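All remarks here apply to the structure that follows.
Since the model is a prediction, treat every value here as computed from it, not as a measurement.
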Amino acid sequence: MARPRKFDEQQVLDTAREQFWSGGYAATRMEDIAGATGLGKGSLYGAFGGKQELFHRVFDAYCGSVVDAVSRQLCGNDADAYARLSAHVYAVAAATAADTAHRGCLLAKGTAELAEHDETVAQRAHTAIEALRALLEDAIAACQRNGDIAADADPGKLAALVLAVLRGIEALGKAGADEETLTDIARTALAVLPAPLTELPQSDHRSGNGRGCATDETPGLHVGGDR
């Protein structure tokens, strides 16, 4: 009969996550994790398997937490959908700017390091990214139903664009881009989402869309991002 474990498994996983996140997979040794957790290597191997299996547990939990957090930020009623979407985009920029250690996102970091050779990491990353895109698509569709984004735009394509911008913000932040730059990118991403065209009195009609913020070349774009 196996003896019961005398340690907090979640605490060990959290500590291992910090080790992998700070040092990367290749540079993190089981000895490092054992030292940080106070456990012997034998206990780690017995509870979690090898280093790869432990990382898979950590990476899976982290991806799930990211998707859950974004879901909480984006889900809700249609009337507030654009406000939630805007808040999420700006929050990513702010959080990235606040990451002065430039650790970045473990989802991106683990994928970049391991996905080429580790099918489990590649599949989990793909699932997480697709879930994030789907959440953004649902949020954009809610904005369309509420009249904040043009109804004839493809919400899936807009979601993919916004997701690419958010991933890019995180990459630029890791490379040292400052808060003003990241915030400007977030503002521009929201600005290019197409707003519904509105009918204006003939005397007010101009070659743009009459909002005072779109150019002749971009009719229907709400450039200000302040719906």
With distance as the sole test, does [X] use its side chain to make a donor-acceptor pair with the main-chain N or O of [Y] at under 3.5 Å?
X	Y	result
Arg17	Val58	no
Gln144	Ala153	yes
Thr37	Ile33	yes
Asp154	Gly156	yes
Asp8	Gln11	yes

Discussion item. Once you measure the plane-to-plane angle for Tyr25 and Phe20, does it fall in the parallel (<30°), tilted (30-60°) or perpendicular (>60°) bin?
Written reply: parallel
Worksheet item: Restricting to pairs with a member in residues 58-71, which pass side chain to side chain donor-acceptor pair (under 3.5 Å), not counting sequence neighbours?
Response: Asp60-Arg124
Shortest non-hydrogen contact from [X] toward [Y]:
X	Y	answer
Ala159	Ile140	N-CD1, 3.5 Å
Tyr90	Ala186	CD2-CB, 3.9 Å
Ala36	Thr15	CB-CG2, 3.6 Å

Fill in: Residue pair Met30 / Gln19, side-chain heavy-atom distance below 4.5 Å
no
Response to the item:
Glu170 meets the side chain to side chain contact (heavy atoms under 4.5 Å, CB included) criterion, sequence neighbours left out, with Val92, Thr96, Cys105, Arg167
Practice prompt. Check the surroundings of atom CD in Glu130: do more than 12 heavy atoms from other residues, nucleotides or ligands lie under 6.0 Å from it?
Written response: yes
Worksheet item: Around Glu180, counting heavy atoms of other residues, nucleotides and ligands shown, do more than 12 lie under 6.0 Å from its CD?
Response: no
